[in-house]
Amino acid sequence: MNTPFVEGWNIVQILGEGTFGEVKLLVNQNTQGSVAMKTIDLQNYSDALDMVKKEAAIHCRLNHPSIIKYYGQRHCKDNYYIFLEYASGGELFDRIEPDIGMPLSDARKFFKELIAGVEYLHSKGIAHRDLKPENLLLDEYGNLKISDFGLATLFLCGEKRRKLDKNCGTRPYLAPEVLSLLPYQAEPSDIWSCGIILVSMLAGELPWDMPSDNDEDYKLWKTTDYSNHSPWCKLDTLALSLVRKILTPTPSKRYDISQIQSHLWFKKSETFDNKKVGISVRSDRDVDDDRHCYSQPAPAAISFTTSMLSSESEIHSFSQPTQVDDLLLSSQLLTSQSISTPNNSLQKLVKRMTRFLVCLSPEEALTNLSLFLDDLGYTWKINSPSLVTITTTDQRLVFKSNVIPMNHQTLIDFRLSRGCGLEFKRHFVSIKNAMSKLISKVPFVWPNATKPEIVP
């Protein structure tokens, strides 16, 4: 996909989607500067207007290294646009291997950055209310950034504090008090979600479906017999002691951020972790591409200089888009312009683990994918000649597959649409294993970015 948005900016790729719209990658035709655009469909979801205005009002107040940058918003008749920092590093969940997790040093680094971002939010009187790996993005250097403030709210204004009473968020990450009918304090509920994220990073699985006495896994957690069961048996003693303090059902007894930061597990260095497992310390830039998992945008931690922007032979994630004011134009310009461009969508293709190459034509790839989806029991439908929407039998997970021609091969790319990121990766692995005989053994080489040619 390479279609005009406003003059000078092309929509290159859909990065993700939510309940009310999509996140798209915009690329400047002249400079190759990039920005992520969140589009809210007001034509079909007119009741979302107040919510997205609140999201923009909260996000525009934030400025922290562990929070994705907000650039501006634009409102026209049928759509509301929020312009955000683009990030090539993907979602945190794409770094988590199902049932395995990730290296201890990575988990500690990401958790420290998460806590730093949450501490900043709370200092501003803001509760996120939907912290989960899918809403935590990574920049090209592997720095974690909190994103998606659609459910965020103010709980502190000046000296006036209020309790929250809305039951919102994602079930496995909710604190138990959020499920109650009583008002609850904001900070402990976000901290609980951070604890669940830490478990997912260390163990590669979620501890329960929801923190309710109707959930057997959660009931087990509240007994003395939990430690021999998964995921708790995958955690070392020090990590488990911290998790116990965070996932304390009573909010008043739960660790606050300062207590988390004082815990020995939190204070240990990444160098110590790497020496412990006998590996050398390397920067993210030294790690091979296949160690990086990319699916959604995430912000970079530095601003790029003009000289960096002029280098068009490399793929960059731009922390500061060039000529961003061009995007904040009057609403009548937020329509397709009389500019057409060749299909150079691969120049900014976001990297992620959930894709593979097959030695087939796009038509053959789509036919074979459909057959395997039938064999594996999925419900699916073809939305366009290259896009398939896939739903699990319990309808709790929806993901999409895009079939992209790549010279003499075809790239089959999967992205999460609705549901749990870890479950999505499990299903992707199942599909990949089923299609293993068709998968190319030649490693995928990322194309260099080139300036799109404008065709009159």
So do His64 and Ile146 actually touch side chain to side chain, heavy atoms under 4.5 Å? no
Contact between Tyr184 and Asp165 at the side-chain level, heavy atoms closer than 4.5 Å - yes or no? no
Is it the case that the side chain of Asn383 and the backbone of Thr389 share a donor-acceptor pair, with hydrogens and angles ignored and the cut-off at 3.5 Å? yes
With side chain to side chain contact (heavy atoms under 4.5 Å, CB included) as the test, would you mind laying out the steps for Asn79 and Leu42 before giving the verdict? CA-CA 5 Å; Asn79 292 290; Leu42 299 178; 5.7 Å; no
Just wondering, do Thr391 and Tyr378 contact through their side chains at under 4.5 Å, heavy atoms? no
With rounding to the nearest 0.5 Å, note down the distance linking CD1 in Ile191 to CG in Leu247. 11.5 Å
Under 3.5 Å: donor-acceptor pair, side chain of Tyr86, backbone of Gly33: no
Supply the atom-to-atom distance Met37 CE to Leu84 CG, rounded to the nearest 0.5 angstrom. 10.5 Å
Between Phe93 and Leu422, is any pair of side-chain heavy atoms under 4.5 Å apart? no
Are Tyr255 and Leu242 close enough, and set up right, to give a side chain to side chain contact (heavy atoms under 4.5 Å, CB included), and what steps lead you there? CA-CA 9 Å; Tyr255 258 22; Leu242 175 58; 4.2 Å; yes
Residues Glu423 and Arg396 bridged, charged N to O under 4.0 Å: no
So with a 6.0 Å cut-off around NZ of Lys245, is the heavy-atom count from everything else above 12? no
Could you check whether the rings of Phe399 and His427 sit parallel, tilted or perpendicular, using 30° and 60° as the cut-offs? tilted
Starting at CG of Leu156, measure out to OG1 of Thr153 and round the result to the nearest 0.5 Å. 11.5 Å
Check whether any side-chain N or O of Thr354 sits under 3.5 Å from a backbone N or O of Arg415 as a donor-acceptor pair, and report yes or no. no
Walk me through whether Asn167 and Leu174 qualify under side chain to side chain contact (heavy atoms under 4.5 Å, CB included). CA-CA 9 Å; Asn167 182 332; Leu174 291 179; 4.2 Å; yes
Using the ring of each side chain (for Trp, its six-membered ring), is Tyr81 parallel, tilted or perpendicular to Phe83, with breaks at 30° and 60°? parallel
Got more than 12 heavy atoms from elsewhere within 6.0 Å of CZ, Arg61? no
Closest heavy-atom pair, Gly419 versus Leu397, reported as atoms and distance to 0.1 Å, is CA-CD1, 3.8 Å
Look at the aromatic rings of Trp221 and Trp208 and report parallel, tilted or perpendicular, splitting at 30° and 60°. tilted
Using atom types as modelled and distance alone, determine if a side-chain donor or acceptor of Arg355 lies under 3.5 Å from a backbone N or O of Asn402. no
Give a yes or no on whether the backbone of Asp94 and the side-chain of Lys425 come within a donor-acceptor separation of less than 3.5 Å. yes
How many angstroms lie between atom CZ of Arg95 and atom CE of Met201, to the nearest 0.5 angstrom? 11.5 Å
Considering all heavy atoms, the nearest Glu119-Gln261 contact: OE1-NE2, 3.2 Å
Judged by atom type as modelled, is there a donor-acceptor pair below 3.5 Å linking the side chain of Asp130 to the main-chain atoms of Asp148? no
Within the side chain of Arg129, is there an N or O that forms a donor-acceptor pair under 3.5 Å with the backbone of Leu151? yes
Any donor-acceptor pair under 3.5 Å from Lys109 side chain to Gly142 backbone: yes
Testing the basics here: between Ile58 and Ala152, what is the closest heavy-atom pair and its distance to 0.1 Å? CD1-O, 3.4 Å
Are more than 12 heavy atoms from other residues, nucleotides or ligands located less than 6.0 Å from atom NZ of Lys222? yes
Plane angle bin for Phe155 and His122 - parallel if under 30°, tilted between 30 and 60°, otherwise perpendicular: perpendicular
Is Glu91 close to Leu137 at the side-chain level, that is, under 4.5 Å between some pair of heavy atoms? yes
Any chance you could measure Ile196, atom CD1, to Arg171, atom CZ, to the nearest 0.5 Å? 13.5 Å
Flag the pair Leu206 / Val199 as yes when at least one side-chain heavy-atom distance between them is below 4.5 Å, and no otherwise. no
ring-ring contact (aromatic ring centres under 6.0 Å, His included) partner of His128, chosen from Tyr173, Phe149, Trp192: Phe149
Salt bridge check, Lys132 against Glu134: does any charged N sit closer than 4.0 Å to a carboxylate O? no
Got Glu177 and Leu182 here, is their nearest side-chain heavy-atom distance under 4.5 Å? no
Result for side-chain hydrogen bond (donor to acceptor under 3.5 Å, both in side chains) between Tyr80 and one of Gln73, Lys53, His75 points to Gln73
Does Asn44 CG have over 12 foreign heavy atoms under 6.0 Å away? yes
Return the CG to OG distance between Leu136 and Ser147, rounded to the nearest 0.5 Å. 7.0 Å
How close do Ala203 and Leu235 get, counting heavy atoms only, and between which atoms? CB-CD1, 4.1 Å
Under the criterion side chain to side chain contact (heavy atoms under 4.5 Å, CB included), I'd like the reasoning laid out for Arg254 against Gln185: C-alpha separation, chi angles, the key distance, then a yes or no. CA-CA 12 Å; Arg254 193 173 302 154; Gln185 296 289 352; over 6 Å; no
Nearest atoms (heavy-atom pairs only) where Gly117 meets Ile67: O-CD1, 4.1 Å
Check the angle between the aromatic planes of Tyr45 and Phe20 and answer parallel, tilted or perpendicular using the 30° and 60° thresholds. perpendicular
Closest approach of Cys194 and Leu131, non-hydrogen atoms and distance? SG-CD1, 4.0 Å
Tell me whether Ser430 contacts the main-chain N or O of Arg426 through its side chain, where contact means a donor paired with an acceptor under 3.5 Å. yes
Could you tell me whether the side chain of Ile197 reaches within less than 4.5 Å of the side chain of Leu92, counting heavy atoms only? yes
Is there a donor-acceptor contact under 3.5 Å from the side chain of Lys24 to the main chain of Ala36? no
Take atom NZ in Lys432; do more than 12 heavy atoms of anything else shown fall under 6.0 Å from it? no
Start with the C-alpha gap between Glu187 and Arg161, add the side-chain angles, then the distance that decides, and say whether salt bridge (charged side-chain N to carboxylate O under 4.0 Å, His left out) holds. CA-CA 11 Å; Glu187 299 104 308; Arg161 170 184 288 270; 2.8 Å; yes
